[in-house]
Amino acid sequence: MSETVNLDRRSLLRGTAGLAGLAAAGAAGLTLPGTAEAAVSGAAAGIPRTGRPPLWKQADRKGLVFGSSIATWQLDKTYPRLHAREAGLLFTEDDLLWYQLKPHPDAPLNFGPGDQIVDLAEKNDQLVIAAHLAWDEGFGDGWKEKDLWGLNKKQAKKLLYTVIRREVRHYKGRADGWIVANEVTDPEEADRYGFRTNIPWYSTIGPSYIANSFHLAKKHDPRALRIINEFGFETVNEWGDRPEPRRRAYLKAIDRLLDIGAPVQAVGIQGHLLADGFHDKFDERGYRRFLSDIADRGLPILITELDVLDEGIRRGAKFRDRKVADVYRHYLDVTLDEKAVKAVIAFGLTDRYTWLDEDQPREDGGHRRPLAFDRQLRPKPAYTAISNAFRSAPVRKRLWKPKKGR
């Protein structure tokens, strides 16, 4: 496989509900690293040094887990070695989404890509967060609107719950956490509890699909952490959504799930940050209060899908890298003050593979630079900012013990 992959991830992940996309890009023929020791052998692996311990080890010193997403289509000759060296947790980026798992309504479940990425984590002694069980995207072009929106309640329950049941059983004991419900809340197109109504599962089954998904995850993989995950809590986002109403809706939905006995165990906060004007728009006090409100409910917090969109910053790479790094610094300095934050999970480690190049390309034609390492896998100022944030973070009680170093 070549060092770079040109793939329209937005089209790939778009499913029904106005979500048509590209067919799945196959992952066949990819070679996994042999062992964790070989993967982190430094200069022999051809990976640039950082001059510091791996990020997972720096985070672990403060009781934090550091991880990153990765997908089978990103498994070139070098990047998996960097991921193995720096990440103590693997977040399944694409390989458990329906475009891979069940690419069209009549397809049998295909666990091949998921098995491959979980095998990678196990060979590299990494924890695993598997994503996502209930989501309204990720279907690919094998699914049409009628295939989901056209179902009656009985048909929809059979479809969703059968996939969840079989998927969780298949990976029982191999996943340390499941993103059970992803992007299911909203302050506007929602019911009185904050649950989105503009998605097929809600339209066909009703809001009970969320709690039922948590119950199924608990029943079939009781030791894996069960997580609800959502975005849009830091600043006004690229769609104009204000963060405070989104925070209130999320808390309202979490409270409803807890009130009805849904076995929610942790809260995921997607850290898709916007570099342009971040420091002026980021309400530190409000964000600290939001994190504290979650902590008061007795729920650990995981920062998931962390990256920084460099829109609105001029093209020069060095200038953009400084601006992006400063956003990481500011955000993590505030966020990691909350000891309920137990994990920081980047949405990739290298600019070589970022969804932002496809979904939100720069008008000037330059590549996005949202991550800790550049396209040649060299550490950037963002790496230093993340590393320094871990050094400055207060020590907390661990959510998970690392598998590395045992």
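What's counted below: heavy atoms across the whole structure, side chains too, no hydrogens, waters or symmetry copies.
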field: Asp326/Arg329 under salt bridge (Lys or Arg N to Asp or Glu O under 4.0 Å): CA gap, chis, key distance, verdict
entry: CA-CA 5 Å; Asp326 208 34; Arg329 176 201 59 77; 2.7 Å; yes
task: For Ile210 and Leu257, run side chain to side chain contact (heavy atoms under 4.5 Å, CB included): C-alpha distance rounded to whole Å, both residues' side-chain angles, the deciding distance at 0.1 Å, then the answer.
output: CA-CA 8 Å; Ile210 302 170; Leu257 290 170; 3.9 Å; yes
- request: Take Arg165 and His220, measure what side chain to side chain contact (heavy atoms under 4.5 Å, CB included) needs, and give me the verdict at the end.
  value: CA-CA 7 Å; Arg165 187 179 298 111; His220 297 291; 3.3 Å; yes
message: Test side chain to side chain contact (heavy atoms under 4.5 Å, CB included) on Tyr161 and Ile205; report intermediate values, then the result.
response: CA-CA 11 Å; Tyr161 299 159; Ile205 300 173; 3.7 Å; yes
message: Set out, in order, the CA-CA distance, both residues' side-chain angles and the distance that settles side chain to side chain contact (heavy atoms under 4.5 Å, CB included) for Arg362 and Arg320, then state yes or no.
response: CA-CA 12 Å; Arg362 286 180 63 91; Arg320 278 194 285 148; 3.4 Å; yes
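Under 4.0 Å is where a charged nitrogen must lie from a carboxylate oxygen, and between Arg352 and Asp374 no such pair does. Using a 4.0 Å cut-off between charged nitrogen and carboxylate oxygen, Lys380 and Asp351 count as a salt-bridge pair. Electrostatic pairing of Arg369 and Asp310 does not count as a salt bridge here, judged by no charged N lying under 4.0 Å from a carboxylate O. Using a 4.0 Å cut-off between charged nitrogen and carboxylate oxygen, Asp119 and Lys123 do not count as a salt-bridge pair. At a threshold of 4.0 Å, the pair Arg288-Asp337 counts as salt-bridged, since one of the basic side-chain nitrogens sits closer than that to a carboxylate oxygen. Using a 4.0 Å cut-off between charged nitrogen and carboxylate oxygen, Asp276 and Lys281 do not count as a salt-bridge pair. We find that Asp357 and Arg368 are not joined by a salt bridge, their nearest charged nitrogen and carboxylate oxygen being 4.0 Å or further apart. Looking at Lys252 and Asp255, no side-chain N of the basic residue comes within less than 4.0 Å of a carboxylate O on the acidic one, giving no salt bridge. Checked for salt-bridge contact, Asp176 and Lys403 meet the test: a charged N lies under 4.0 Å from a carboxylate O.
What you find for Pro207 and Phe195 is that their closest heavy atoms are CB-CD1, 4.4 Å. Scanning both residues, Asp221 and Ala175, for their nearest heavy atoms gives OD2-O, 4.0 Å. Among all heavy-atom pairs drawn from Ile301 and Ile294, the shortest one is CG1-CG2, 3.6 Å. The shortest non-hydrogen separation linking Ala134 to Tyr209 is CB-CE1, 4.1 Å. Scanning both residues, Val324 and Ala382, for their nearest heavy atoms gives CG1-CB, 4.4 Å. Heavy atoms only, all atoms of each residue included: Ala156 and Leu151 are closest at CA-CD1, 3.8 Å.
Judged purely by distance below 3.5 Å, without hydrogens or angles, the side chains of Arg81 and Asn124 never pair a donor atom with an acceptor atom. In summary, the side chains of Gln58 and Ser387 do present a donor paired with an acceptor at a separation below 3.5 Å, with no hydrogens or angles considered. For the residue pair Asp95 / Trp73, no side-chain donor-acceptor distance below 3.5 Å is found, with atom types taken as modelled. With 3.5 Å as the limit, one finds a donor-acceptor pair spanning the side chains of Asn229 and Thr304. Between the side chains of Glu230 and Asn182, no donor N or O sits under 3.5 Å from an acceptor N or O. In this model, no donor atom of one side chain and acceptor atom of the other lie less than 3.5 Å apart for Asp94 and Gln74.
Within the 4.5 Å cutoff, no side-chain heavy atoms of Ile199 are placed close to those of Trp135. Side chains of Leu148 and Leu159 form a contact here, defined as non-hydrogen atoms less than 4.5 Å apart. Looking at Tyr328 and Leu371, their side chains come closer than 4.5 Å, going by heavy atoms from C-beta outward. Side-chain contact between Ser68 and His83: present, with at least one pair of heavy atoms (C-beta onward) separated by less than 4.5 Å. Considering only heavy atoms from C-beta on, Leu258 comes within 4.5 Å of Leu299 through its side chain. Between Ile227 and Trp178 there is no side-chain heavy-atom pair separated by less than 4.5 Å. Counting only heavy atoms from C-beta outward, the side chains of Pro370 and Leu309 never approach each other to under 4.5 Å. Under the 4.5 Å side-chain criterion, counting only non-hydrogen atoms from C-beta, Ile254 is in contact with Val267.
Exactly one of Trp149, Tyr99, Trp98 qualifies for a ring pair (Phe, Tyr, Trp, His ring centres under 6.0 Å) with Phe139. That residue is Trp98. Val65 pairs in a side chain to side chain contact (heavy atoms under 4.5 Å, CB included) with only one of the listed residues (Leu302, Leu399, Leu89, Asp60), which is Leu89.
The line from CD of Gln155 to CG of Asp147 is 11.0 Å long, rounded to the nearest 0.5 Å. In this structure, CD in Gln270 is found 9.5 Å from CG in Asp307, a value given to the nearest 0.5 Å. Interatomic distance, Gln100 CD to Thr92 OG1, rounded to the nearest 0.5 Å: 11.0 Å. To the nearest 0.5 Å, atom CG of residue Leu82 and atom CG of residue Asp76 are 10.0 Å apart. We find the OG1-CD distance between Thr72 and Glu93 to be 10.0 Å, quoted to the nearest 0.5 Å. For the atom pair Glu284 CD and Thr335 OG1, the distance stands at 9.5 Å (nearest 0.5 Å).
Arg196 forms no cation-pi arrangement with Tyr202, by the criterion of a distance under 6.0 Å to the ring centre and an angle within 45° of the ring axis. Geometric assessment of Arg246 against the ring of Phe231 yields a positive cation-pi assignment under the 6.0 Å and 45° thresholds. Cation-pi check for Arg256 over Tyr193 is met; the charged atom lies under 6.0 angstrom from the ring centroid and within 45 degrees of its normal.
Using bins of under 30°, 30° to 60° and over 60° for the plane-to-plane angle, the ring pair His330/His279 lands in the parallel bin. The aromatic rings of Phe390 and Phe66 stand perpendicular to each other, their planes meeting at an angle above 60°, with 30° marking the opposite boundary. Classification of the His170-Phe111 ring pair by plane angle, with boundaries at 30° and 60°, yields parallel. Classified by interplanar angle (parallel below 30°, tilted 30° to 60°, perpendicular above 60°), the ring pair Phe91/His132 is perpendicular.
Tyr331 places no side-chain N or O within 3.5 Å of a backbone atom of Val308 that could act as its donor or acceptor partner. Formation of a donor-acceptor pair under 3.5 Å by the His272 side chain with backbone atoms of Gly232 is not found in this model.
For NZ of Lys102, the number of neighbouring non-hydrogen atoms (other residues, nucleotides, ligands) closer than 6.0 Å is greater than 12. The 12-atom threshold is not exceeded at NZ of Lys57, counting heavy atoms of other residues, nucleotides or ligands nearer than 6.0 Å. The neighbour count for Glu189 CD, taken as heavy atoms of other residues, nucleotides or ligands under 6.0 Å away, does not exceed 12. Few gaps surround NZ on Lys342; more than 12 heavy atoms of other groups in view lie less than 6.0 Å from it.
Aromatic rings from Phe282 and Tyr287 are positioned such that their centres are separated by under 6.0 Å. The distance between the ring centers of Tyr79 and Phe373 does not fall below 6.0 angstrom.
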